[in-house]
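Residue numbers start from 1 in every chain, and the chains themselves are labelled A, B, ... in the order their sequence lines are given, proteins ahead of strands. Predicted model only: the values in this text are computed from it and were never measured.
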Amino acid sequence: MKQELVELPVTTGDGIFLAHYSDKGLAALDFPNADGLVAPNGKANGRAVNSKQIPLQILRWHRTTTAALKKMLAGQPAKDLPPLDWTGKTEFQQAVWRVMLKLGPGKTKSYGEVARAIGRPKAVRAVGSACGANSIPVLVPCHRVLAAGGKIGGFGSGLDWKRRLLAKEGINL
DNA sequence: GACAGATGAAGGA
DNA sequence: TCCTTCATCTGTC
C-alpha cells in the first residue's frame with residue numbers, strides 16, 4: 001500500500017523546493033527547475049498541494065526544514081533538522097547518509113573515504129549508488145562527497161546544483 | 001541472477 | 001600527465 005505524502009513548497013533565494021512529508025518525517029526534497037519553480041512531478045507551483053488539513057506536527061517539521069534549507073543554502077550549518085523518513089531504505093544507504101550528515105559546511109569526503117568511514121573500504125561504487133538514491137539532497141549533503149583527486153564526480157539532481165552548493169560553502173572546483 | 005553505476009587504482013603510452 | 005582497463009560492491013529489475 002502506498003503511503004500518503006504531504007507536499008509543501010519551500011521558498012528560498014534559489015527557487016522553490018518541494019518537501020514531501022510522511023507521518024514519520026521528511027521523506028523527500030525536490031529541487032526547483034530552471035524557472036525556479038518545483039520540478040514537474042510536483043503538482044503545484046509554490047502552493048500546498050494537499051487540500052486536506054495539514055497536521056500541526058508536519059507544519060512544525062516544515063518550519064524546521066525551511067530554516068535548515070535556508071541555512072544550508074547560505075553555506076551555514078543547519079541548527080536543527082526535521083526527522084528524516086528513511087523507511088524502505090537499506091542499512092547500507094542509511095549508513096552512507098549518516099556519514100554525510102556529519103560533514104559540516106565546507107568539508108568534503110571522497111567516495112572512498114565515505115566507504116572507509118562505514119567500514120566497507122571496497123564499496124566505493126556502492127557509496128556512489130547510495131548517494132544517487134538519496135531523496136533528501138542538500139539536507140543530506142551528498143554534494144559534499146567528491147570523487148578521488150578532488151574531482152566533482154556526479155550528482156543526481158544535476159552537476160550544476162552540486163557546483164552551486166559547493167560554491168556557497170566556499171569550495172570551488 | 002544479470003546488469004548497471006555519482007569509483008578507485010594500476011599500468012601503459 | 002592522461003587515458004584505458006579492470007576489480008570491487010551494492011541495488012534494482
Side-chain angles (χ1 to χ4, degrees), chain A residues 1-5 7 10 12 14-22 24-42 65 68-69 71-78 81-173:
Chain A
M1 85 166 177
K2 207 174 165 190
Q3 193 173 24
E4 178 116 359
L5 295 179
E7 300 174 341
V10 184
T12 73
D14 290 274
I16 301 170
F17 291 69
L18 189 65
H20 304 250
Y21 298 91
S22 71
K24 295 191 184 64
L26 179 63
L29 186 66
D30 288 338
F31 276 93
N33 64 15
D35 301 325
L37 302 171
V38 294
N41 60 333
T65 302
L69 192 56
K71 280 272 182 193
M72 301 283 273
L73 290 172
Q76 295 166 14
L81 288 177
L84 305 178
D85 181 7
W86 286 341
T87 304
K89 304 298 183 181
T90 66
E91 274 300 310
F92 180 84
Q93 290 171 337
Q94 293 181 32
V96 170
W97 300 339
R98 274 194 290 270
V99 170
M100 294 178 198
L101 284 173
K102 287 184 194 160
L103 286 176
K107 291 184 183 166
T108 61
K109 271 188 190 295
S110 70
Y111 294 101
E113 285 173 323
V114 173
R116 282 192 287 276
I118 60 172
R120 315 286 278 272
K122 291 180 180 174
V124 285
R125 294 206 70 156
V127 168
S129 298
C131 292
N134 173 23
S135 51
I136 315 173
V138 188
L139 296 189
V140 178
C142 49
H143 60 279
R144 292 182 191 142
V145 183
L146 305 175
K151 291 196 288 284
I152 190 159
F155 194 59
S157 306
L159 285 178
D160 276 353
W161 270 110
K162 185 166 184 173
R163 285 199 199 91
R164 215 159 135 181
L165 293 167
L166 288 170
K168 287 174 188 297
E169 297 175 7
I171 301 165
N172 289 298
L173 298 166

Side-chain contact test, heavy atoms from C-beta onward, threshold under 4.5 Å: evaluate it for [X] versus [Y] and give yes or no.
X        : Y        : result
A:Val140 : A:Trp86  : yes
A:Leu165 : A:Met72  : no
A:Cys131 : A:Met100 : yes
A:Leu84  : A:Leu101 : yes

(message) Just verifying a value: how many Å separate A:Leu146 CG and A:Glu113 CD, rounded to the nearest 0.5 Å?
(response)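 Answer for the CG-CD pair, A:Leu146 versus A:Glu113, is 9.5 Å.
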(request) Measure the OG-CH2 distance between A:Ser135 and A:Trp97 for me, rounded to the nearest 0.5 Å. (result)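 Between A:Ser135 OG and A:Trp97 CH2, I get 5.5 Å after rounding to 0.5 Å.
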(request) Give, ordered by number, those residues of residues 118-136 of chain A having at least one heavy-atom distance below 4.0 Å to an atom of DNA chain C; if nothing qualifies, reply none. (result)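 Those residues are A:Arg120, A:Lys122, A:Ala123, A:Arg125, A:Ala126.
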(message) Between A:Val145 and A:Val96, is the side chain to side chain contact (heavy atoms under 4.5 Å, CB included) condition met? List the steps.
(response) CA-CA 10 Å; A:Val145 183; A:Val96 170; over 6 Å; no
Pull out every protein N or O sitting under 3.5 Å from an N or O of nucleotides 11-13 of chain B, one pair per line with the distance.
none

(message) Does the plane of the ring in A:Phe31 sit parallel, tilted or perpendicular to the ring in A:Phe17? Use 30° and 60° as the thresholds.
(response)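 Answer is tilted, since the angle falls between 30° and 60°.
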(request) Mind checking A:Phe92 for me? I need base, sugar-phosphate or nothing, with any heavy atom below 4.0 Å counting as a touch. (result)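 Sugar-phosphate, no base atom in range.
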(request) Give A:Gly156 one of three labels, base, sugar-phosphate or nothing, depending on what nucleic acid heavy atoms sit under 4.0 Å from its own. (result)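 A:Gly156: base contact, heavy atoms under 4.0 Å.
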How long is the line joining [atom1] of [X] and [atom2] of [N], in whole Å?
X        : N      : atom1 : atom2 : answer
A:Gln94  : C:dT10 : CD    : P     : 15 Å
A:Trp97  : C:dT10 : CH2   : C1'   : 13 Å
A:Met100 : B:dA6  : CE    : P     : 13 Å

(request) Would you kindly say whether A:Asp14 and A:Thr12 are connected by a side-chain donor-acceptor distance under 3.5 Å? (result)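 On atom types as modelled, these side chains do not qualify, holding no pair under 3.5 Å.
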(request) Grab the two heavy atoms, one from A:Pro137 and one from A:Ser157, that are nearest each other, plus how far apart they are. (result)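 Closest approach of A:Pro137 to A:Ser157: CG-OG, 4.2 Å.
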(message) Applying a 3.5 angstrom cut-off to the pairing atoms, does DNA chain C sit in any stems of at least three consecutive Watson-Crick or G-U pairs? List them by first number.
(response)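 Listed by first number, the stems are B:1-5 with C:9-13, B:7-13 with C:1-7.
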